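This one's a predicted model, so the numbers in the text were calculated from it and none came from an experiment. Every heavy atom of this structure was used, including side-chain atoms; hydrogens, water molecules and symmetry mates were not. Chain A is the first sequence line, chain B the second, and so forth, proteins listed ahead of strands; every chain is numbered from 1.
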Number of protein chains: 2
Amino acid sequence: MLHEEVVGRIRAILLDGEIPPGARIPERELCERLEISRTPLREALKVLAAEGLVQLLPHRGSRAAKLTDKDMRDLFEVCQGLEALAGELACERITDAEIGAIAAAHDEMVRHYRDGDLIQYYRGNRAIHEAIVTAAGNPVLAGLYTSVTARIRRARYVTPMTPQRWALAVKEHEAILNALQRRDGVGLAHILRAHLRHKREEVLQAGFAETEGNDVTLRIA
Amino acid sequence: MLHEEVVGRIRAILLDGEIPPGARIPERELCERLEISRTPLREALKVLAAEGLVQLLPHRGSRAAKLTDKDMRDLFEVCQGLEALAGELACERITDAEIGAIAAAHDEMVRHYRDGDLIQYYRGNRAIHEAIVTAAGNPVLAGLYTSVTARIRRARYVTPMTPQRWALAVKEHEAILNALQRRDGVGLAHILRAHLRHKREEVLQAGFAETEGNDVTLRIA
DNA sequence: TTTTACACTTTTGAATGCAAAATTTGCGAT
DNA sequence: ATCGCAAATTTTGCATTCAAAAGTGTAAAA
């Protein structure tokens, strides 16, 4: 198993909440499960610690990082900035074909909205946001975006929404698509920022910070 | 020696250009020099690879990452976005004391400009940009900023400037300070973006991409 | 009964050793 | 002299091992 694959698998375990935020990461167990020894596992944990997904305590092992309200706020704030930048750049560089693909994804997402299928809606939603970032044509930006969104993914794509909020989000997505089609970078940046600001308020109001005894996984079910 | 210290020391070696971009990283030598064994060294290298400072080639060791023109452009683009965001947030949150400190740093920097001391000018310049990011009060943002700026530091703070460009940069810094004092977030974001755009053009024009046979260190001397 | 001291266990962090892969060296053929 | 190929050497990646630190349990003393 390659180094990057080890990192990826542990990242998946953490993002799935299989090891819940704040819990200790059992080196021995993970080694057995991934069928590797402690050396490559520990290398991966240090990388994930640098990413912010794992917290290393000297001589006390590693834990799955826990996000406070402040962390969540900071991450959303940065995410807003990154998506706004991506939107502006995308408008300069996006091809008609890419716009077409996003429009198709948008229509499909709206169908899931009408069907009331939140899971599928979120899936499409995420694909659109990622497509915009990709269209920006900046791998550095894409990398930071991936890393920041990974940390808030569970909160962002798991929060239940009220009908009102959901309707607003869909409306905002109409505006996002529209700005893209007009290649209105400044406008797109604005609407993306507002869109994420609303999402953040939603998440924080729902109390989704990963603090003591707040098991998000339970709430999902 | 603590893990973070190992990472820091290798980072410094790379940023100083002691191991020039593209060169192989000699594990054995570094181990002896840092007086550690290969295990912690390799952990550090993987972390630095995740940061983009080191390139890992499976079964072929690690090299100091080399930046192409495109990489440089992408990094500056992201840096613009991060600084603009930091500027906006800073205007919302900065204290009078912090503004005072930045004003003092600014005055000192201008003195170095008048003295024609580019090294000291750059040092002060960097301190101001970092102070603005700090004033944004967002550690996630600060972390990304540190990591992105580290990668372009040599280009950013080493490029020789023409008198015209230097004068323009100082003028822009007057505007930066002014916007901060007025707590004009949008204005500050704009001027920071323009400032960095100019810097990027300067760097790219100077041909500072770390491509084959382009030893930046030589040019500094 | 509560607290503290102490031995014991577990776990962490790092050095060493070993097999596999890659690079370099040496030699023969053209 | 140059090219090609095989043997030798080096280097990489990982498993194992070892010392040190943290955690745990027990028993004695207050």
Side-chain angles (χ1 to χ4, degrees), chain A residues 1-14 17-66 143 210-213, chain B residues 1-15 17-66 143 210-213 215:
Chain A
M1 185 154 43
L2 219 54
H3 166 69
E4 267 311 319
E5 201 190 331
V6 176
V7 174
R9 288 192 56 181
I10 302 173
R11 201 198 328 259
I13 290 173
L14 294 170
E18 204 175 322
I19 296 177
R24 287 196 51 174
I25 295 173
E27 280 191 7
R28 193 156 297 287
E29 268 181 50
L30 262 189
C31 285
E32 285 166 23
R33 174 159 162 197
L34 301 184
E35 294 176 292
I36 54 176
S37 77
R38 283 179 57 225
T39 307
L41 177 77
R42 290 169 52 78
E43 283 173 356
L45 289 178
K46 305 236 168 178
V47 169
L48 291 167
E51 267 179 48
L53 252 66
V54 164
Q55 192 183 5
L56 295 178
L57 303 114
H59 295 285
R60 271 184 224 185
S62 40
R63 299 178 165 274
K66 204 164 24 175
E210 293 165 335
T211 44
E212 211 63 54
Chain B
M1 184 155 43
L2 219 53
H3 166 69
E4 268 310 320
E5 201 191 332
V6 176
V7 174
R9 289 193 56 181
I10 302 173
R11 201 194 333 253
I13 290 172
L14 294 170
L15 294 181
E18 204 176 323
I19 295 177
R24 286 195 51 172
I25 295 172
E27 279 190 9
R28 195 154 295 285
E29 268 181 50
L30 262 188
C31 285
E32 286 166 22
R33 174 160 162 196
L34 302 184
E35 295 175 292
I36 55 175
S37 76
R38 285 180 56 222
T39 305
L41 176 77
R42 289 169 51 79
E43 284 173 356
L45 288 178
K46 306 240 168 180
V47 169
L48 291 167
E51 268 180 47
L53 252 65
V54 164
Q55 192 184 2
L56 295 179
L57 303 114
H59 294 286
R60 269 183 225 185
S62 41
R63 298 177 167 276
K66 203 165 22 175
E210 294 166 335
T211 44
E212 210 63 54
D215 187 340

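With rounding to whole Å, B:R63 atom CZ is found 9 Å from C:dT23 atom P. In this structure, CD of B:E32 is placed 17 Å from C1' of C:dA14, rounded to the nearest angstrom. Taking atom CG on A:L41 and atom C1' on C:dA14, their separation rounds to 15 Å, with Å as the unit. A:H3 places its NE2 atom 15 Å from the P atom of D:dT12, with the value rounded to the nearest Å. We find that CZ of A:R42 is positioned 18 Å from P of D:dG13, with the value rounded to whole Å. Taking atom CD on A:E29 and atom P on C:dT11, their separation rounds to 10 Å, with Å as the unit. In this structure, the CE atom of A:M1 is 9 Å from the P atom of D:dC14, given to the nearest Å. Between the C1' atom of D:dT16 and the CZ atom of A:R28 lies a distance of 11 Å, rounded to the nearest Å.
Remark: A:R38 is not in phosphate contact with D:dC14, judged by side-chain N or O atoms under 4.0 Å from OP1 or OP2. OP1 or OP2 of D:dT12 has at least one side-chain nitrogen or oxygen of B:R24 nearer than 4.0 Å.
Relative to the side chain of A:E43, the nucleotides D:dC14, C:dA15, D:dT12 differ in distance, and D:dC14 lies closest. Among C:dA15, D:dT17, D:dA21, the nucleotide with an atom closest to any side-chain atom of A:H59 is D:dA21.
Annotation: side chain of B:L53 is in contact with side chain of B:L15 (closest heavy-atom distance under 4.5 Å).
Heavy-atom distances to DNA chain D give each of A:P58 and A:P40 a nearest nucleotide, and the one nearer the 5′ end belongs to A:P40. A residue-by-residue look at B:T39 and B:E27 shows that B:E27 has its nearest nucleotide of DNA chain D further toward the 5' end.
With hydrogens and angles ignored, no donor-acceptor pair under 3.5 angstrom links the side chain of A:R60 to the base of D:dG23.
Between the CD atom of A:E32 and the CG atom of A:L41 there is a distance of 11.5 Å, given to the nearest 0.5 Å. In this structure, OG in A:S62 is found 8.0 Å from CZ in A:R24, a value given to the nearest 0.5 Å. We find the CG-CG distance between B:L56 and B:L45 to be 7.0 Å, quoted to the nearest 0.5 Å.
None of B:E4, B:E51, B:E43 except one satisfies the salt bridge (charged side-chain N to carboxylate O under 4.0 Å, His left out) rule with A:K46; the exception is B:E43.
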